[in-house]
Amino acid sequence: MADIIKLLPDHVANQIAAGEVVQRPASVVKELLENAIDAGASSIKLIVKDAGKTLIQIIDDGKGMSDTDARMSFERHATSKITTADDLFNLNTKGFRGEALASIAAVAHVALKTRPEGAEVGTHIEIEGSKIITQEVCATPKGTSLAVKNLFFNIPARRNFLKSNSVELRHVIDEFQRVALAHPDIAFAMYHNEGELFQLPKGNLKQRIVAIFGGKTNEKLVPVQEETDILTINGFVVKPEFSKKTRGEQFFFVNDRFIKSAYLNHAVTAAFDGLLPDRARASYFLYLKVDPATIDINIHPTKTEIKFDDEHALYAMLRSTIKHSLGQFSIAPVLDFNRDSELDTPYDYKNKGVVTPKIEVDRTFNPFESVPAPKRGAQRPDYEKPDVTGWEKMYEGMESQATAGSTVTFEKEVSTGNMFESGLNTKAAAPITATAGSQDESSTYQLNKKYIVSTIKSGMVIIDQHKAHQRVLYEEFLRNITVKESVSQQLLFPLTLTYSTTELALIEELKEGLENTGFIFGLISGDILEINGIPTSITESQVPVVIDQLLSDLENEVPDSGFSQTDTLAKSMAKSLAVKGGETLDSLSREHLVNSLFACKEPSISPTNKKTFITITGDDLDRKFK
Ligand code: ADP
Ligand code: MG
């Protein structure tokens, strides 16, 4: 047999390796920012066009490269940062694998200009898909400028896989912020499509945080500090009353490197125990310093996980340090273990507009668990009999319905059954065989405050109210956005909401889509978003909720790439506005929902691809009883 094994040509090998290092514009941003820091820059500028899809350029005033080094830097495994494997355990640079530039050059058009201190002229190199097409001397300031254009120009599949600009921009900003937060002693600036997003002068940590997250951040920060033999902790946590519901600023840095750690996050959350409003997330900027020999930084270039030798000790220290800081700033409640923290803190939402009070819903309440039947007077309108899920009960309902020849609902059957059983009230027992005396003539029934049950010709249908409503709203918003025929309600007084620079940049990206749903924006500047009109389908108080949900969805957008920004917008709005499980629906709302669902184009699945309903036919039931 002929030999078939071949060595891959370099540019192919580089393209394959690139897949590991360069997943999206943000990965390029991270690598280039880190190179600039490793080069000792004191000022770094990031210029991005179209969320990095068209251009990512980093300009630094670091040590620059000689002409040979400039050429070498694009070779795979070319690095100035380590020479032996032992150096790996002694790292004080960000990069060391010597792969980033080679990988980036394999999948983009790259232009490098660099000049080391003392050299008269600099070097200009252009590379396209790993091939050097220009190398010449040039006049350029000391330091390095690296421009990465048309990312994935030669890998259309990857290019198509990129998300919308708003999502990619979010990732780019995230990387930028992480690096900028880790190095307050370096000046940073960031521009997107010619607009300035960040201008961060050198300063201390607090100044850096405030410069990134806005002037109001200052008053929200509580300092955290602790020094022990194995660990130094520095930084800030955000006072609990400023915590956010759907998203928070959560930053851990270990030895100046941004890391993610669910375990340490848990330690912080535990320190906030009892102080956070329901389901809010703690925000923090925490800088840990440990002996590099006691951690194992995953050397995979894109990973942000880390392993500590003594995780438990770290956890305990972090938790108690933060608890102490919160206590010192008299934020923690003192010796009052039973009080309801919800009741005593007038959480400051003044920047979030007026919010109508919501009815508290106990999501854990399960009527099926209660053993003693409640008294008649105390009966909730949607109270259900404990064993309603039992098939025989349902069947009973079906049967009596058939024999009665009327539209007796499950609800009546079940609740009257319960009254009968409890034997408290003979009047209540009476209706068990008839529909008379019942207030609700509905043909639908709400189960567990979560499902709507209705009869259909072939049997019954069980609808998940939250998922079904999402589908209904999703199609409605999608229609509005694409057909651009939505109706707005003009607000008498414009609504003014405060957001960070990042958030406003994202809202700006989505502006057109939002306007098509019925939003009318006024001024967007500084950290202020002015809203003059809103879609008729939402209320003023829902606006902050909708926008927060949208921002957090953009952040965590599920991998359904190929879908447009329009789609994300419609999904997100549907998600935040749909009725939740746990909400009681009256018969009119139930019927309306059922009818709207079945009027949808795709009634059977939710926008996130879950079932909206299931059916159980008479045959299914018959089989159950065989
Ligand atoms: P690594 O950072 O792992 O060494 P890279 O591919 O990112 O690998 O960079 C290769 C080399 O190019 C670096 O080791 C460094 O010597 C040089 N280099 C890259 N970027 C810069 C820069 N902005 N300024 C000076 N030198 C740089
Ligand atoms: Mg590098």
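Read the numbers this way: they start at 1 and go in the same order the structure lists the ligands and their atoms.
Atom 10 (C) of ligand 1 has its closest protein heavy atom at Ala78 O, 3.3 Å. Among all protein heavy atoms, the one lying closest to atom 1 (P) of ligand 1 is Gly98 N, 3.6 Å. Counting only heavy atoms of the protein, atom 2 (O) of ligand 1 lies nearest to Lys81 NZ, 2.7 Å. From the protein, the heavy atom lying nearest to atom 19 (C) of ligand 1 is Asn35 ND2, 3.5 Å. Protein heavy atom nearest atom 25 (C) of ligand 1, with residue, atom name and distance: Ala39 CB, 3.6 Å. Nearest non-hydrogen protein atom to atom 23 (N) of ligand 1 is Asp60 OD2, 2.9 Å.
The shortest N/O to N/O separation between Lys63 and ligand 1 does not fall below 3.5 Å. For ligand 1, the polar-atom distance check finds an N/O of Ser80 within less than 3.5 Å of one of the ligand's N/O atoms. For ligand 1, the polar-atom distance check finds an N/O of Leu101 within less than 3.5 Å of one of the ligand's N/O atoms. The shortest N or O to N or O distance between Glu31 and ligand 1 is not under 3.5 Å.
Note on Asp527 versus Lys216: salt bridge recorded, some NZ/NE/NH1/NH2 to OD/OE distance being below 4.0 Å. Look at Asp256 and Lys289 and you find a salt bridge, because one of the NZ, NE, NH1 or NH2 atoms lies within 4.0 Å of a carboxylate O, short of that distance.
Applying the 6.0 Å contact sphere to CE of Met72 captures no more than 12 heavy atoms from other residues, nucleotides or ligands.
Residue-ligand proximity: Gly62 is placed with every non-hydrogen atom at 4.0 Å or more from ligand 1.
For the residues Thr79, Leu32, Val21, Thr144, the heavy atom positioned nearest atom 24 (N) of ligand 1 is part of Thr144.
When each atom of ligand 1 is checked for a heavy atom of Ala100 under 4.0 Å away, the hits are 6 (O), 7 (O). Near Glu99, with a cut-off below 4.0 Å to any heavy atom, the atoms of ligand 1 are 6 (O), 8 (O). Residue Met65 has at least one heavy-atom neighbour below 4.0 Å for each of these atoms of ligand 1: 17 (C), 18 (N), 21 (C), 25 (C), 26 (N), 27 (C). The ligand atoms of ligand 1 that sit less than 4.0 angstrom from a heavy atom of Ser73 are 10 (C), 12 (O). Each of the atoms 25 (C) of ligand 1 lies under 4.0 Å from some heavy atom of Gly64.
Side-chain atoms of Asp3 do not come within 3.5 Å of backbone N or O of Ile5 as any donor-acceptor pair. With hydrogens and angles disregarded, no donor-acceptor distance shorter than 3.5 Å links the side chain of Arg281 to the backbone of Ser243. At distances below 3.5 Å, at least one donor-acceptor pair connects side-chain atoms of Asn204 with backbone N or O atoms of Lys206.
Between Gln250 and Ser283, the side chains place no donor N or O within less than 3.5 Å of an acceptor N or O (distance only, hydrogens not considered). Of the N and O atoms on the side chains of Glu226 and Thr232, not one donor lies less than 3.5 Å from an acceptor on the other residue.
Taking the six-membered ring where the residue is Trp, Phe176 and Phe188 present perpendicular rings, their angle passing 60° and hence far from 30°. Ring planes of Tyr284 and Phe252: tilted class, angle from 30 to 60°.
Coordination check, Thr79 versus the Mg ion (ligand 2): failed, since every N/O/S atom of the residue sits at 2.8 Å or beyond.
Cation-pi geometry between Arg178 and Phe258 is satisfied (NZ or CZ under 6.0 Å from the ring centre, within 45° of the ring normal).
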